[in-house]
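Beneath this line is the structure, given in structure tokens, with notes to follow.
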Amino acid sequence: MNPATPLNIERCWNFIGIEGDRSCPQLATYTHCRNCPVYSTAGRYLLERSIPEDYRHQWTELLAKSRTDENSQISHALRTTQITVVIFRLQREWLALSAQIFKEISPPSVVHTIPHRSNQILRGLVSIRGELRLCISLSDLLNLEAADTAVQTLSPVVYSRMVVLEKAGNTWVFGVDELYGVHRFQRDELQDPPKSLTQTYTKGLFHWLPDGSQMERSASGGSASVTHSVSYLDDELLFTTLARKVL
């Protein structure tokens, strides 16, 4: 058998060796091609051979393509990531926050004002399962206008609740006028928010069709599903602002 050369370097073990028809007479002596001197000689040739002139150029193109494909996949994954939120209503506005920061939902409790500290944003202290928590008015923080007329609700039985949020060891409690619950949507469904008072705290808007939503009569006499535009709030900015304005 001839030593490995550029012409036969990949021939013997792929055709008559362990990866081929195993007709090589040397297999009786070496059992496997990796024990054969021809195989080891070929390995040394691969390691010691001269680098082709376009070697760096080929690898540069290959790595650049891999990086582009990887960035494209990451970008696509970010666009299609599912977001889980809890939807609630304050005044006339439907809002949403990441479900991960919701710790508890409880019936309304008495809010005890803090002398010389309570204001429009900080309402006072509220007892949640025997623990005193700071209670805020999210409506005042977001500058939401009070509803001067009746608001159409999702359910005929609607009552306000208190929600407890927790993030990075900070806990806040605030009341909501109506609570829908958990909802999931794709990140690429988010739209840029319009210019409004709540825009500062809004990551984007998404359209939401509640399960079993009411049907409204259209101008042509038919009925159509009622969809709501929901503001997805930036919880990071929200907690940072509360820490700066209240604590």
Side-chain angles (χ1 to χ4, degrees), residues 70-109 126 128-129 131 133-144 151-194 196-215 225-243 246:
E70 181 181 355
N71 291 340
S72 178
Q73 292 175 359
I74 294 175
S75 178
H76 176 72
L78 290 176
R79 291 196 305 269
T80 58
T81 300
Q82 191 176 69
I83 299 175
T84 304
V85 297
V86 172
I87 297 177
F88 56 92
R89 180 176 59 82
L90 290 177
Q91 306 298 342
R92 296 182 178 277
E93 298 288 334
W94 284 100
L95 308 169
L97 279 165
S98 172
Q100 295 180 348
I101 66 173
F102 277 78
K103 181 180 180 182
E104 187 176 352
I105 298 172
S106 68
S109 301
V126 62
I128 303 294
R129 295 185 180 275
E131 295 186 10
R133 301 293 187 184
L134 291 173
C135 181
I136 62 154
S137 171
L138 189 58
S139 295
D140 286 306
L141 178 64
L142 301 179
N143 293 317
L144 299 180
V151 177
Q152 184 177 8
T153 60
L154 294 179
S155 171
V157 181
V158 175
Y159 57 93
S160 59
R161 296 186 177 102
M162 282 188 166
V163 299
V164 183
L165 306 183
E166 185 177 45
K167 185 180 179 71
N170 295 320
T171 303
W172 299 98
V173 181
F174 64 89
V176 299
D177 298 315
E178 188 174 358
L179 182 71
Y180 171 76
V182 177
H183 175 72
R184 295 176 178 84
F185 66 95
Q186 300 297 328
R187 185 179 296 274
D188 57 5
E189 295 180 34
L190 278 179
Q191 303 175 0
D192 293 333
S196 65
L197 295 176
T198 61
Q199 183 183 14
T200 302
Y201 299 94
T202 303
K203 288 185 177 181
L205 300 178
F206 64 91
H207 295 291
W208 163 58
L209 178 63
D211 296 334
S213 62
Q214 299 177 359
M215 306 291 286
S225 299
V226 180
T227 59
H228 299 274
S229 181
V230 182
S231 298
Y232 178 39
L233 300 179
D234 186 339
D235 56 275
E236 189 74 35
L237 179 59
L238 189 65
F239 271 72
T240 302
T241 303
L242 286 172
V246 176

With rounding to the nearest 0.5 Å, note down the distance linking NE2 in H207 to CZ in F185.
12.0 Å
Residues in side-chain hydrogen bond (donor to acceptor under 3.5 Å, both in side chains) with D140, at least two apart?
S137
Any heavy-atom pair between the side chains of F239 and L165 that's under 4.5 Å?
yes
Passing candidate, side chain to side chain contact (heavy atoms under 4.5 Å, CB included) with I136, options V126, L242, L238:
L242
Given 3.5 Å as the limit, does a donor-acceptor pair link the side chain of E93 with the main chain of L90, or not?
no
Measuring from D234:CG to K203:NZ, what's the distance to the nearest 0.5 Å?
5.0 Å
Show me the donor-acceptor pairs within less than 3.5 Å that the side chains of residues 96-107 make with the rest of the protein, sequence neighbours left out.
residue: S98; atom: OG; partner: Q100; partner atom: N; Å: 3.3
residue: E104; atom: OE2; partner: R129; partner atom: NE; Å: 2.6

Measuring only between side-chain heavy atoms, which start at C-beta, is T202 closer than 4.5 Å to L233?
yes
Side-chain donor/acceptor of R184 to backbone N/O of Q186, under 3.5 Å:
no
Counterpart residues, side-chain hydrogen bond (donor to acceptor under 3.5 Å, both in side chains), relative to D235 (two or more places apart):
K167
Note: F88 and V86 closest approach over all heavy atoms is CD2-O, 3.7 Å
Does L142 reach the side chain of L95, with side-chain heavy atoms less than 4.5 Å apart?
yes
Decide yes or no for Y232 and L205: does some side-chain heavy atom of the first lie under 4.5 Å from some side-chain heavy atom of the second?
no
Going by heavy atoms in the side chains, are V246 and W172 under 4.5 Å from each other?
yes
Pairing residues for T171 by the side chain to side chain contact (heavy atoms under 4.5 Å, CB included) criterion, not counting sequence neighbours
R133, V164, E166
Is the F206 ring parallel, tilted or perpendicular to the H183 ring (thresholds 30°, 60°)?
parallel
Is there side-chain contact between Q191 and S229, with heavy atoms separated by less than 4.5 Å?
no
d(L141 CG, Y201 OH) to nearest 0.5 Å is 4.5 Å
Could you go through Y180 and W208, starting from their C-alpha distance and side-chain angles, then the distance that decides it, and tell me whether this counts as side chain to side chain contact (heavy atoms under 4.5 Å, CB included)?
CA-CA 11 Å; Y180 171 76; W208 163 58; 3.3 Å; yes
Return the minimal non-hydrogen interatomic distance between M162 and P108, and the atom names on each side.
CG-CA, 4.1 Å
